[in-house]
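Counting convention: from 1, in listed order, for ligands and their atoms alike. Position 1 is the first residue of the sequence, and the numbers go up from there. Keep in mind that this is a model prediction, so the values were computed, not measured.
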Amino acid sequence: MNNIIPYGRQWIDEDDISAVCEVLRSPFITTGPMLDRFEKAVCEYTGARYGAAVSSGTAALHAAMAAVGIGPGDEVIVPPMTFAATANAVVYMGGRPVFADVLSENLLIDPDKIRECITDKTKAITVVDYAGHPCDYESLQAIAHEYGLKLIADSCHALGASYKDRKLGTWADITLFSFHPVKPITTGEGGMAVTNHAELAEKMKAFRNHGITVDYKQREQIGSWYYEIVDVGYNYRMTDFQCALGKSQMGKLDEWIARRNAVARMYDEAFDEINEVTSLSCAKDIVHGYHLYVIKTMGVDRTELFRRLWEDGIKVNVHYIPVHLHPFYLNHFGYGKGMCPVAENAYEQILSLPVFPRIEDAEVRTVIDSVIRHIKKVRG
Ligand SMILES: *Cc1c(COP(=O)(O)O)cnc(C)c1O
């Protein structure tokens, strides 16, 4: 049996480890100087004015929902083809996630379906750059503007991707990133919300620290014990050694995105002639982040193909079970099958193939060979 090939994996070098160790030997291991430096690094890279580093991508989503003021009775439009956290963050605030179906060629939220979902109660739209492919932000901005809605980008897949020659980070009111190990860069666990709006940034920074408006530096400056809790918040802080890891990783991001694209080209070419496999489409005016390389299988038993690839040590995955089909959403909101037929059909067909910067060409070829070999055996 060959070595195991996961669908995604981090890349940690000695310089990353040194950066972490340096902080561990310093006086501040949380909320110290590395916090600002990591936030600045992500802001400089994305072009956003403000960044709030938090303990996970989920925490970043929660902070964003709080900052735009989602509350009981409010509706937020979300795609079903995402990790549950995108919708859960709305539920944390007492709001109702409303699922707008996706486009079949790229599984990104369908702007026409968003329009159909808008009601008097709609406050915001959260879109997802699924697999690392940026959404069509100009269309989304037009809808948000027309109806006076906040536009939130769950770009947890897509740090480093661009839309119309501009990096993701400033196309929505707030953009969120995750630093889980399979994501474009990692801090172990971690996330960041970036925005150009000072007021939203301030709210998110307070939210990650119990709603406290005065931070330790301001307190040091005024030599004071005083602080104010203006809104109830959480402890969603990121440690300084994680920030050091994140900052070190940022220096490698462009190279890693290029490598992910090179891997994607190998898959594109290999599957071009295979009738049973369709790769998701890639628009001309974007740079894809390729967090995932997703294929749709046709005329084959996807479950059997999945099983056989795992047997070969190729740990393909399925992203995602449409969120509205999870028991919580069925039971709590009365959602169910038939709400988002495009996502539901896609779910029966999709597989995420291994793609990460450190994957070797030989491993990519192993994946391609296995997929093609097994497809011949599991034709329906
Ligand atoms: C990973 C992910 C999240 C959650 O990020 P965590 O850092 O794991 O909390 C949210 N949305 C999407 C689309 C993700 O892929």
Counting heavy atoms only, which part of [X] comes closer than 4.0 Å to ligand 1: side chain, backbone, both or neither?
{"X": "Ser56", "result": "both"}
{"X": "Glu189", "result": "neither"}
{"X": "Lys183", "result": "side chain"}
{"X": "Thr58", "result": "both"}

Of all the atoms in ligand 1, which lie at a distance below 4.0 Å from a heavy atom belonging to [X]?
{"X": "Thr82", "result": "13 (C)"}
{"X": "Ser178", "result": "1 (C), 5 (O), 6 (P), 7 (O)"}
{"X": "Tyr320", "result": "15 (O)"}
{"X": "Thr86", "result": "11 (N)"}
{"X": "Gly190", "result": "7 (O)"}

Q.
Suppose we screen for side chain to side chain contact (heavy atoms under 4.5 Å, CB included). Which residues come up paired with Lys123, at least two apart in sequence or across chains?
A.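 Lys123 satisfies side chain to side chain contact (heavy atoms under 4.5 Å, CB included) with Ile70, Asp74 once adjacent residues are dropped.
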Heteroatom distance test ([X], ligand 1): nitrogen or oxygen, under 3.5 angstrom:
{"X": "Gly57", "result": "yes"}
{"X": "Asp154", "result": "yes"}
{"X": "His157", "result": "yes"}

Quick check: [Y] with [X] (ring centres under 6.0 Å apart)?
{"X": "His210", "Y": "Tyr234", "result": "no"}
{"X": "Tyr7", "Y": "His319", "result": "yes"}
{"X": "His324", "Y": "Tyr329", "result": "no"}

Q. Are a donor atom and an acceptor atom from the side chains of Glu304 and His374 found within less than 3.5 Å of each other?
A.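 Their side chains do not contain a donor-acceptor pair, so the 3.5 Å distance test is not met.
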**Q.** Sub-4.5 Å side-chain heavy-atom contact between Tyr92 and Met65
**A.**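 Not touching, per the 4.5 Å side-chain cut-off.
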Q: Would you kindly check if the NZ (Lys) or CZ (Arg) of Arg302 is within the cone defined by 45 degrees around the ring axis of Tyr347 and under 6.0 Å from the six-membered ring centre?
A: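 Yes, cation above the ring, under 6.0 Å and within 45°.
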Q) Distance under 6.0 Å and angle within 45° of the ring axis: does Lys164 meet both against Tyr137? A)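 Lys164 over Tyr137 ring: no.
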